[in-house]
Structure formats: C-alpha cells, structure tokens
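Atoms within each ligand, like the ligands themselves, are counted from 1 in listed order. The chain is numbered in sequence order, starting from 1.
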Amino acid sequence: MDTLDFSIQNIGALRDTRDTYQVFVGARLLRRIGPLLRRHVDRKRCAIVSDGNVAPLFADRVKENLASGGFRPILITIPAGEKSKTLKQAGVICDRMIAAGLDRQSFVVGLGGGMIGDLAGFVAAIYHRGIPHIQVPTTLLAMVDSSIGGKTGVDTRAGKNLIGVFHQPSFVIDDLDVLKTLPRREFNQGFAEIIKHAVIADAKMFRMLESWKASDASILKRLIKRNIEIKSRLVATDERDRTGERALLNFGHTIGHAIERAGNYSKFLHGEAVSLGMVAACTMSVTKAGLRPEQRDAIVSLLEQFGLPTRLPPKFPRRKVLDAVKVDKKFEDGKIRFVVTPRIGVAYTAHNLTLDDIREAVRQL
Ligand SMILES: NC(=O)c1ccc[n+]([C@@H]2O[C@H](COP(=O)([O-])OP(=O)(O)OC[C@H]3O[C@@H](n4cnc5c(N)ncnc54)[C@H](O)[C@@H]3O)[C@@H](O)[C@H]2O)c1
Ligand SMILES: [Zn+2]
C-alpha cells in the first residue's frame, strides 16, 4: 500500500530557525506532492527550479501534480552540472521569477541533486529577502547530506561555496523512486557520505552497511532516514557551524576538497574525493588518535564495497593536494584542526596534526 511507504520524519528543532521542518521519505511521493504540500503550504505560486538532466525525467510530473493540488507552478530549467552553481545563474532564475510575476508570497521548489538544492535554496533565501524553499532531492547524496542543514550558496572562480547563506528548507521530500534513474557512479558517491556518518557517529550502521544488499528498497529507506537523523542531530546542536559539532561532518573533507581541487573538479566526484580523504584521515587517526589498524582496513573495505576509490592514481599530482590544503586551511603554529576517529562510531577534532602528517597520509594514498 502506498501509504505504508510514506513516513514523516520530523527532524526536530533547529535553533535560529522559524520552526522545525519535516522530511518525507517514501516511494512515489512525486505523484502526490501537490496534495501533500497543500496540507502544509498556504501559498499558491511557485518556481520549480531544476536542471537539464532532471527536468525531462520528473518536472512534468511535479508540475502537474502541484497544479492538481491547487498550486500555480512555473518551471525554470538550467544546464546540469556544477558549472551552473553561480551567482549568474541565481540572477537568471530571479529574473525569470520576477518576469513571471512571482512575489514574496511565492515559494521555490528545488528539484535536483545538491547543485540544484544549493542554488535554488540560495535563490529562495534572497528572493524578496527570503521565501520558503521546498527541497526535492533527486540524488542519494542530496537526500542524505546536502538537503539537510540549510547551507545554500554558489561557487565563484576562486572556489566552491564561497558565497551563500543559511536558509532552512520548509520541507524536504525524498522520493526513493527517483534514484532508479541515477547513474551508478552518482549513486555510489552518496555512500561516501553515508559511510562518513557511520564512522563519525554510528557503529551499528557501519555493521549494517557491511552486510548491505543493494536490492532491498526498504533498507534503503531506513538507511536514508537514519542518515538524515545523524546529520540533523549534528546540525541542530551547531546550526551555524560555530561550536564544533557540525565540523565533525567534515571528516575526510579537508583532504577530500583538496583532491577535488587538485583534479580540477573533473577527475573525481565529490563523494569519491571524500572517500580518498577519509582513507587519509584514517591513516592519521591510526597514528594520532589510536584507531586500530584493523578498523582502518574495515573502513577501506567498506568504501571499496561501494565502488569508491581508496587509492590515488600513481601519477596524480600529490603536491597539488598539499598546496590546496594550505590554501584552504589555517595552520596555527604549524598545527591544523582536523577531524579524526579513535574508533568506528566516534570522532573529534584534533589540534595536534601538522602538514607533515598530511603529506605522509597523502603519500600513502
Ligand atoms: N548544502 C550542503 O550542505 C551540501 C553538502 C554536500 C554537498 N553539497 C553540494 O552538492 C553538490 C553536489 O551534489 P550532487 O552530487 O547531487 O550533484 P548534482 O546536483 O550536480 O547531480 C549530479 C548529476 O546527477 C544528475 N541527476 C540528479 N538526479 C538525477 C536522477 N534522479 N536521475 C538521473 N540523473 C540525475 C544531475 O543532473 C547531475 O548531472 C555540490 O554543489 C556540493 O557543493 C552541498
Ligand atoms: Zn561532502
């Protein structure tokens, strides 16, 4: 039965926000998005923002269904890919919304992966000084990570996510069926963030992943819900990224971001770079945080089980990785803040790591 697939995840109070927001996780949700939102949203006009890959697959369904729920949607499609996550595209979207007569009583529906979620959320945050944003993530990464936590923004030539604003979504709607069209490589990269959540916060989920069978949809639903809970819990205690809990989500990301940059953002997907970054973080955790080598090996095996890279190609410019870490991170007295794990399920920010430690971990990759 349809309704049995349909569950509401109230992710709890987030400080500094208007209210709590709900995440719906289930099958065939796009087919009832209109009636579903009708119960919660008292505005009519909205812009569906999507990209050139996702819109042909799902936008008609969403648009028709929103219309059947009494909404008046327009569709704005921008080219797919990270290169569209710019101020320029945000401006294009705003102009289209203005031309269509959308006022501050309207809202935005972001239909796509993390790129669209960040961009549509940014537009919602600035349009008429802020209108509601409904996230409809269509990648696994966006469901378990980017749609939760309210970080929105765009990239500039100097780097990723340099311009942005916190703007929590009003609702997040995770329809599991949309994942069926997701290319395998994109699907797998979502598991990098899931494995990250397991390593930093959930040893039980780590064991569950070790015995994962891809075909089980109900497990996927449970897994997504669990990951939303983990991320939202870490975000809720530190929504604005100030006290440190949220920073634990950066596990694997210092070196991961540097690898993305060193590969000109084309060699590795984000999740793949994070996979490599986590392997390096585990190597450092063995020497600096007492992680048992068997646990490091178990993490590497799990990443490999999901088709994620755990070694850099031999000719990859490792020096560029170090350069990128230096640009990205502040070293104080030669030390860097770095998230390590002493055992699977636990993480903390260490202050005793040096550039040499990072150099050695990257050399071993
Ligand atoms: N806000 C946050 O907290 C946060 C966290 C992590 C990542 N991010 C951001 O998320 C972005 C990466 O997200 P992503 O990996 O989802 O990238 P993406 O949105 O670019 O999607 C990846 C590719 O898959 C395609 N696609 C999406 N859904 C599909 C579907 N159901 N079927 C077929 N193709 C589909 C897209 O068109 C794109 O080509 C980056 O911009 C990153 O900075 C943000
Ligand atoms: Zn990430």
- Numbering the atoms of ligand 1 from 1, which are under 4.0 Å from a heavy atom of Asp51? 36 (C), 37 (O)
- Task: If you have a sec, work out which protein heavy atom is nearest atom 26 (N) of ligand 1 and how many Å separate them, to one decimal?
- Result: Val54 CG2, 3.8 Å
- Note on the structure: Tightest non-hydrogen contact, residues Ala201 and Ile230, listed as CB-CG2, 3.9 Å
- Task: Please could you name the atoms of ligand 1 that Lys151 approaches to less than 4.0 Å, counting only its heavy atoms?
- Result: 1 (N), 3 (O)
- Query: Rounded to the nearest 0.5 Å, how far apart are CG of Asp174 and CD of Gln135?
  - Reply: 9.0 Å
- Task: Answer yes if Leu182 and Leu220 sit in the same cluster of Ile, Leu, Val, Met, Phe, Trp and Tyr residues linked by side chain heavy atoms under 4.5 Å apart, and no otherwise.
- Result: yes
- Task: Taking atom types as modelled, find out whether Asn161 and Lys85 have a side-chain donor-acceptor pair closer than 3.5 angstrom.
- Result: yes
- Message: I need the nearest protein heavy-atom contact for atom 39 (O) of ligand 1: residue, atom name and distance, please.
- Response: Asn53 ND2, 3.0 Å
- Item | Closest approach of any protein heavy atom to atom 35 (C) of ligand 1, naming residue and atom | Leu182 CD1, 3.7 Å
- Per-atom contacts, ligand 1 versus Ala80 - under 4.0 Å to a heavy atom: 37 (O)
- Query: Of all the non-hydrogen atoms in the protein, which one sits nearest to atom 9 (C) of ligand 1, and at what distance?
  - Reply: Asp118 OD2, 3.4 Å
- Would you list the protein N, O or S atoms within less than 2.8 Å of the Zn ion (ligand 2), leaving out water? Glu193 OE2, His253 NE2, His270 NE2
- Is a salt bridge present between Lys160 and Asp155, judged by a nitrogen-to-oxygen distance below 4.0 Å? no
- Without hydrogens or angle criteria, can the side chains of Thr310 and Glu304 be said to hold a donor-acceptor pair below 3.5 Å? yes
- Task: Write out all pairs satisfying side chain to side chain donor-acceptor pair (under 3.5 Å) with one or both partners inside residues 55-76, taking only residues at least two apart or from two chains.
- Result: none
- Task: List, by chain and then residue number, the residues other than Leu102 in its hydrophobic cluster (Ile/Leu/Val/Met/Phe/Trp/Tyr, side-chain heavy atoms under 4.5 Å); write none if there are no others.
- Result: Val49, Ile74, Ile76, Ile78, Leu87, Ile93, Met97, Ile98, Val108, Met115, Ile116, Leu119, Phe122, Val123, Ile126, Tyr127, Ile131, Val154, Ile163, Val165
- Closest by any non-hydrogen atom to atom 15 (O) of ligand 1: pick that one out of Gln189, Glu260, His270, Gln135. Gln189
- Task: Determine, considering heavy atoms only, which of Ser146, Gly110, Pro56 sits nearest to atom 2 (C) of ligand 1.
- Result: Ser146
- Query: Would you say Ser275's side chain and Pro309's backbone share a donor-acceptor pair under 3.5 angstrom?
  - Reply: yes
- Message: Students should be able to answer this: which protein heavy-atom is nearest to atom 14 (P) of ligand 1, and at what distance?
- Response: Gly114 N, 3.5 Å
- Item | Test of proximity, Thr152 against ligand 1: N or O pairs below 3.5 Å | no
- Task: Please identify which atoms of ligand 1 are closer than 4.0 Å to at least one heavy atom of Thr181.
- Result: 30 (C), 31 (N), 32 (N), 33 (C)
- Query: At what distance is the nearest protein heavy atom to atom 28 (N) of ligand 1, and which residue and atom is it?
  - Reply: Thr138 OG1, 2.7 Å
- Message: As an exercise, identify every atom of ligand 1 less than 4.0 angstrom from a heavy atom of Leu57.
- Response: 32 (N), 33 (C)
- Message: Strictly distance-based, threshold 3.5 Å: is any side-chain N or O of Arg246 a donor or acceptor partner for the main-chain N or O of Gly149?
- Response: yes
- Which option, Glu193, Lys231, Lys85, Met115, owns the non-hydrogen atom nearest atom 43 (O) of ligand 1? Lys85
- Message: Looking only at protein heavy atoms, which one is nearest to atom 34 (N) of ligand 1, and what is the separation?
- Response: Pro183 CD, 3.9 Å
- Out of Glu82, Glu186, Lys160, indicate the one that has the non-hydrogen atom closest to atom 23 (C) of ligand 1. Glu186
- Query: Should Gly81 be counted as touching ligand 1, given the test is an N or O pair under 3.5 Å?
  - Reply: no
- Query: So, are Arg226 and Glu229 salt-bridged, with charged N and O less than 4.0 Å apart?
  - Reply: yes
- Message: Taking Leu209 as the starting point, is it possible to reach Val300 by hopping between hydrophobic residues whose side chains are less than 4.5 Å apart?
- Response: yes
- Message: Show me which atoms of ligand 1 lie under 4.0 Å from any heavy atom of Asn161.
- Response: 43 (O)
- Message: Just by distance, no angles: are the side chains of His128 and Gln105 close enough, under 3.5 Å, to form a donor-acceptor pair?
- Response: no
- Item | Check: Leu141 N/O within less than 3.5 Å of ligand 1 N/O | no
- Contacting atoms of ligand 1, where contact means under 4.0 angstrom from a heavy atom of Gly113: 16 (O), 19 (O)
- Query: Any idea which part of Leu179 is under 4.0 Å from ligand 1, heavy-atom wise: side chain, backbone, both or neither?
  - Reply: neither
- Message: With heavy-atom distances below 4.0 Å as the criterion, list the atoms of ligand 1 near Thr139.
- Response: 16 (O), 21 (O), 27 (C), 28 (N)
- Item | Under 4.5 Å side-chain linkage, directly or through intermediates, the cluster mates of Leu141 | none
- Message: Ring-plane angle category for His40 and Phe171, please: parallel below 30°, perpendicular beyond 60°, tilted otherwise.
- Response: tilted
- Item | Phe107 six-ring face occupied by Arg45 cation (under 6.0 Å, within 45°) | no
- Message: I'd like to know if the side chain of Asn264 reaches the main chain of Ser266, judged simply by a donor and an acceptor atom lying under 3.5 Å from each other, with no hydrogens or angles considered.
- Response: no
